[in-house]
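Quick caveat: nothing in here was measured; it's all calculated off a predicted structure.
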Amino acid sequence: MFRISALRIGAARSSLVAGSRSLATDGYKPPTPMIDLEDKSLPIPEYKEKKNEPLQLQKSRLLYQSRKRGMLENGLLLSTFASKYLQGMNPQQTKLYDRLINQPTNDWDIFYWATGVKPTPKDYDNEVMDLLKAHVKNDEREQRFTQPDLYAKAN
C-alpha cells in the first residue's frame with residue numbers, strides 16, 4: 001500500500017548527514033566532571049551507630065541491609081546468614097553484626113574475611129564473624145541460589 005522510492009530515502013539520508021555536524025571537527029569538548037575522576041580518595045560517609053534503637057527494629061533493619069548489598073555474593077551470604085541467625089542473637093551479638101556489615105567501606109573485604117581469603121582484622125574477629133565463617137563453609141550443603149523470603153509466608 002505504501003511505496004517509498006529509493007530516491008526519497010536517499011534524499012532524506014543526504015539531508016540528515018548534511019545537517020549533522022561532526023563532533024571530531026567542530027571543537028566539541030566534553031563537560032568538565034563535577035568530581036576528579038582520577039582522585040581515588042573520595043570520602044565515604046562514616047557509619048554512625050544508631051543510639052537507643054529498639055532491638056527488634058535494629059534486627060529488622062539488619063535483615064534488610066543483609067539483603068541489599070553492593071554485590072550479589074554478599075547479598076546471598078548475608079541474607080541467608082541473617083535469616084538463619086539474626087533473630088536468635090542477643091543485643092551484644094546484634095551490635096557486632098551491625099558493625100560488621102555497616103562499618104567496612106568495601107563489601108569485598110567482608111566477603112574475603114568470611115571466606116578466609118584474607119585474615120579478619122582484629123576489630124571484626126569475634127563470635128559473629130566465626131559464626132558467619134561457619135555459615136560460609138556450608139557443611140550442611142544447603143542450596144543458596146536465592147535470598148530467603150523477607151517475611152514468612154502465610155499458609
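Salt bridge absent: K50 and D98 never bring a charged side-chain N and a carboxylate O closer than 4.0 Å.
For residues 78-92, the salt bridge (charged side-chain N to carboxylate O under 4.0 Å, His left out) pairs, not counting sequence neighbours, are K84-E140, K84-E142.
Note: F81 and Y85 have tilted aromatic rings, judged against thresholds of 30 and 60 degrees for the angle between ring planes.
In this structure, CD in Q58 is found 11.0 Å from CG in N52, a value given to the nearest 0.5 Å. Rounding to the nearest 0.5 angstrom, the gap separating the CZ atom in F111 from the CG atom in N106 is 12.0 Å. Remark: L132 CG to I101 CD1 distance equals 10.0 Å, nearest 0.5 Å.
When all heavy atoms are compared, the tightest approach of W113 to K133 is O-CE, 3.3 Å.
The main-chain N or O of N138 is found under 3.5 Å from a side-chain atom of R141 such that the two form a donor-acceptor pair. Side-chain atoms of D125 do not come within 3.5 Å of backbone N or O of T120 as any donor-acceptor pair. Within the 3.5 Å criterion, the main-chain N or O of S79 finds no donor-acceptor partner in the side chain of S83.
Linking ILVMFWY side-chain heavy atoms closer than 4.5 Å, directly or via other members, places L62 and L57 in two distinct hydrophobic clusters.
Side-chain contact between N102 and Y97 is absent, with no heavy-atom pair separated by less than 4.5 Å.
Exactly one residue among E53, E127, E49 makes a salt bridge (Lys or Arg N to Asp or Glu O under 4.0 Å) with K95. That residue is E49. Of the options R67, H135, Q147, a side chain to side chain donor-acceptor pair (under 3.5 Å) to T80 is made by H135 and by none of the others.
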